[in-house]
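Step one of this worksheet: look at the structure below.
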Protein chains: 2
Amino acid sequence: MEARANGEGSTPLYLRVRDQLANQIEAGLLAANTRLPSERVLAESHGTTRVTTRLALAQLEAEGRIYRSNRRGWFVSPPRLVYNPTQDYSFSDNVTSQGRTPATETLEVTATEVAPWLANKTGLAVGDAIVRLRRRRQVDGRPVLVENIYLNPKRLPGIEQYDFNRSLWKLLREKYSVELQGKRIEMFPTALVDPQAEALGVNAGTAGLYVTRRSHDADGVFVEFDEEFWLHDTLSIQVEVQ
Amino acid sequence: MEARANGEGSTPLYLRVRDQLANQIEAGLLAANTRLPSERVLAESHGTTRVTTRLALAQLEAEGRIYRSNRRGWFVSPPRLVYNPTQDYSFSDNVTSQGRTPATETLEVTATEVAPWLANKTGLAVGDAIVRLRRRRQVDGRPVLVENIYLNPKRLPGIEQYDFNRSLWKLLREKYSVELQGKRIEMFPTALVDPQAEALGVNAGTAGLYVTRRSHDADGVFVEFDEEFWLHDTLSIQVEVQ
DNA sequence: AAGTGGTCTAGACCACCAC
DNA sequence: TGGTGGTCTAGACCACTTG
């Protein structure tokens, strides 16, 4: 029950455990997607308890160096995917060009009505018809984001009928001759909470990046509003202007 | 010592505590920058221990709803600052226009040499002369970011002599006739670690957003490379293209 | 000096996953 | 079925900040 004196200088124990693990990762002893030893084993080998070990692991997770998968354990994070949200965009092409393997799952397609918050974001009127598409996307078998896409059925009649497990941007261009323009992007870091956390198979509270994008066509007609929930350690945003 | 049965359904206790606090914040019972009751008081009033209470607080912190200040307590987060990193930029003007109060402190100005990682980012050669400027910026008295700015002394001779507690962009325009162009922006969420965490008065491991920006002038000459470390709950990025 | 958050112990039971 | 992470208890001492 007694808390021990701090031993080595003033650095907290959990940060010293963190440093040791970080060094092993940097030295390449633990390659990307390798599983770490179990929390109990780590605790014992560092002469401490699980609580302190978990503090160290949480640090590394916050830095984006490791991630957890269900209750299977802790794994070394692979490099971040480079992502430019201002470009017309094929997730699949982008992932492939970085030597990784993409996958997309359509979770849901619904015809619904514009809610007040969405009216704010899109300029549509509350109650207007809208098509909602929900997808999950993976890189090398790990889910990295879920997205809700709101499509304007006036500009995209019959959009519900298509296969959404491919590039939406290509679909819009080929079937509707839409060249997306005038993108307005908003993003901020936040924790992933429940519908998204569950879809990604992570605990509520896992760090994420929330990205939204509104696009219209060359005539200024609203085409789509996209809302993406990324795991925070999986991407690096890159934008070029002028 | 015994762990108790879960009582109310399957929602973990720390998430129920989180929900209660979140409701109080949303209902306006706890205004922005208000201090929460102490961890011990919260623990007792929810019939649990500090460890569990801290889990709940960490959740709210990850969501950007509360923040901590030194060892003074937990506070309700004010609204995020809207920030467009692609624009020529006066922090002061931007903060003021959002009804908040800005402050800037220059922490350090050094003439130094380009290191390998910086050569990569800027296109300069390793060993080239460079001026390094380090600043901390506050909103309503709370530090929200620290930044390292690397300035090209060839394009900006005598730059060290100026006062950096004002807008750098305005300085460049007025004194050097620089119109910044060709910005390349990169950003990703990550934890803030030591020099930055300390400068911001937060614990190592606090969630942050890392933003870099490289700019050149109208002739393509490299002007500055900027590296910003933001507290994750303090900003919302907004970009408009085309 | 009193109170705050920061760190830490040494256990426990549970839910879920892989074998 | 055994091992994993997820949750939780009931304490303790420490470092720092505040009156």
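Chain identifiers are assigned alphabetically (A, B, ...) following the order of the sequence lines, protein sequences preceding nucleic acid strands; residue numbering begins at 1 within each chain. What you see is a predicted model, and the numbers here were worked out from it, not measured in a lab.
- Atom NE2 of H46(A) is separated from atom C1' of dT9(C) by 17 Å (rounded to the nearest Å).
- Using a 4.5 Å heavy-atom threshold, the side chains of L57(B) and E39(B) count as touching.
- Atom CZ in R35(A) sits about 12 Å away from atom P in dG3(D), given to the nearest Å.
- Ionic pairing of R135(A) and E105(A) is not present here: no N-O contact between side-chain nitrogen and carboxylate oxygen is shorter than 4.0 angstrom.
- Between the side chain of R40(A) and the base of dG5(D), at least one donor-acceptor pair of N or O atoms lies under 3.5 Å.
- DNA chain C lies under 4.0 Å from at least one heavy atom of each of the following residues of residues 50-59 of chain A: R50(A), V51(A), T52(A).
- In this structure, F75(A) atom CZ and dC17(C) atom P are separated by 13 Å, rounded to whole Å.
- Residues of residues 197-207 of chain B that place a heavy atom closer than 4.0 Å to DNA chain D do not occur.
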Distances for protein N/O vs nucleotides 15-19 of chain D N/O pairs under 3.5 angstrom?
residue : atom : partner : partner atom : Å
dA15(D) : N3   : R71(B)  : NH1          : 3.2
dT18(D) : OP1  : R72(B)  : NE           : 3.2

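- With hydrogens and angles ignored, the 3.5 Å screen pairs a side-chain donor or acceptor of S38(B) with a backbone N or O of V41(B).
- R50(A) and T53(A) are not linked by any side-chain donor-acceptor pair at a separation below 3.5 angstrom, with hydrogens and angles left out of the test.
- Looking at every heavy atom in both residues, E228(A) comes nearest to D226(A) through OE2-OD2, 2.9 Å.
- Between Y83(B) and F91(B), the ring centre distance reaches or exceeds 6.0 Å.
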| query | In dot-bracket, 5' to 3', how would DNA chain C read with Watson-Crick or G-U wobble pairs under 3.5 Å, [ ] for crossing ones and | for pairs to another strand? | reply | ||||||||||||||||||.

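- For the pair I66(B) CD1 and dG5(C) P, the interatomic distance rounds to 10 Å; values are reported in whole Å.
- Here Y150(B) pairs with W117(B) under the ring pair (Phe, Tyr, Trp, His ring centres under 6.0 Å) rule; sequence neighbours left out.
- We find that R142(A) and D233(A) are joined by a salt bridge, their nearest charged nitrogen and carboxylate oxygen being less than 4.0 Å apart.
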| request: Could you check N165(B) against T104(B) for side-chain hydrogen bond (donor to acceptor under 3.5 Å, both in side chains), going step by step and ending with a plain yes or no? | output: CA-CA 5 Å; N165(B) 291 346; T104(B) 300; over 6 Å; no

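- What separates CG of L42(B) from C1' of dG3(C) is a distance of 14 Å, to the nearest Å.
- The CG atom of N148(B) lies 11.5 Å from the OG1 atom of T212(B); values are rounded to the nearest 0.5 Å.
- The residue T49(B) sits close to a base: some heavy atom pair falls under 4.0 Å.
- Within the model, atoms CD1 of I130(B) and OG1 of T112(B) stand 9.0 Å from one another, a figure rounded to the nearest 0.5 Å.
- Residue E147(A) forms a salt bridge (charged side-chain N to carboxylate O under 4.0 Å, His left out) with just one option from R136(A), R137(A), R213(A), and that option is R137(A).
- With rounding to whole Å, E44(B) atom CD is found 15 Å from dG11(D) atom C1'.
- The nearest whole Å value for the distance from the CD atom in E39(B) to the C1' atom in dT7(C) is 11 Å.
- Applying the side chain to side chain donor-acceptor pair (under 3.5 Å) test to every pair with at least one member in residues 200-211 of chain A, sequence neighbours left out, gives these pairs: Y210(A)-E227(A).
- Counted by atom type alone, Y14(A) and D19(A) present zero donor-acceptor pairs between their side chains at under 3.5 Å.
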